[in-house]
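The structure appears below as structure tokens.
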Amino acid sequence: MTVKKFNMINIKNNIDKIKAQIQQACQENVRLTADAGSANIPSPVTLLAVSKTKPAELIEQAHLAGQNDFGENYLQEAIDKITQLAHLPQLTWHFIGPIQSNKTKQIAHNFSWVHSIDRERIALRLNQHLTEDGSHNTPLNVCLQVNISNEASKSGVAIKDVFTLAEIVNNCDKLTLRGLMAVPEKNADKACYQEMQILFAQLKKTYPSVDTLSLGMSSDLEQAIAHGSTMVRIGTAIFGERVKN
Ligand SMILES: *Cc1c(COP(=O)(O)O)cnc(C)c1O
């Protein structure tokens, strides 16, 4: 199909473009850090391709372009695609959407990473499922989603509760606490990013397993990398606009 071929070229181009943008932002960041008199070299930034609402064929095309980490928000849709793409064991699936507690079993059994842990009940349930199913690859890598904009409507743990939840996750033997995730509002000011950077640094000091700041999307990846992001979640800039979000 000609459509497919056209898409393949686009997706590869888009991934190459994003990677160049990430690299540029990292270099810029090294410069900033050096100017501030610090010898810190920022960790390399991982590209997570957010494939929600996009078909398995496009994920496969991204994989052919060298992409192996994929993020999904909607459980049933994700499981359909994970099943369709089971012939590609190199793919690593990240759950990044809001979590209902009756969905934790399927999440635990289908994903290697969960970025959106925001309450104790979810962490304990995931750990419980993984404990009951001895055959599953564990531990599960988790990030705590922080409600950085402090809006009642957004998911995420309040900043003041981050360390309490971190301690709970750290005590779950089937979960590995990898770090923090946030979805800043559109045009959020710099203070949001700075706050995440500070929280991440504090968490890292407390827990040696912490190495991931999941921050930055198509429209704010530079800002995120400038504030120490180690994983950017990019959907639109790779796969194009979505009809629903
Ligand atoms: C949809 C989504 C993204 C990707 O957003 P884009 O603007 O399309 O890059 C990243 N993170 C989360 C949590 C999302 O829901």
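Start at 1 and go down the list; that is how both ligands and their atoms are numbered. Just so you know, these numbers come straight off a predicted model, no measurement behind them.
Hydrophobic clustering places L175 together with L213 (ILVMFWY residues linked when any side-chain heavy atoms are closer than 4.5 Å, directly or through intermediates).
Ligand 1 has R242 within reach: a non-hydrogen atom of the residue lies less than 4.0 Å from it.
At least one N or O atom of G235, backbone or side chain, sits closer than 3.5 Å to an N or O atom of ligand 1.
Counting atoms of ligand 1 from 1 in the listed order, those under 4.0 Å from a heavy atom of T236 are 6 (P), 7 (O), 8 (O), 9 (O). Atom numbering of ligand 1 starts at 1 in the shown order; those under 4.0 Å from a heavy atom of N73 are 14 (C), 15 (O). Close approach of ligand 1 to I234 (heavy-atom distance below 4.0 Å) involves ligand atoms 9 (O).
Ring orientation note: the planes of H129 and H109 are nearly perpendicular, at an angle over 60° on the 30°/60° scale.
I96 and H115 make their closest contact through CG2-CG, 3.8 Å (heavy atoms, listed as atom of the first residue, atom of the second, distance).
Here I96 has heavy atoms under 4.0 Å from ligand 1 in both its backbone and its side chain.
Of the options K52, K81, K54, a salt bridge (charged side-chain N to carboxylate O under 4.0 Å, His left out) to E72 is made by K81 and by none of the others. When the options I107, L130, I99, T104 are evaluated for a side-chain contact (heavy atoms from CB on, under 4.5 Å) with R125, the one that passes is T104.
Which of M217, R233, K52 comes nearest to atom 14 (C) of ligand 1 through a heavy atom is settled by distance: it is K52.
For N29 (side chain) and I225 (main-chain N/O), a donor-acceptor pair under 3.5 Å exists by modelled atom type.
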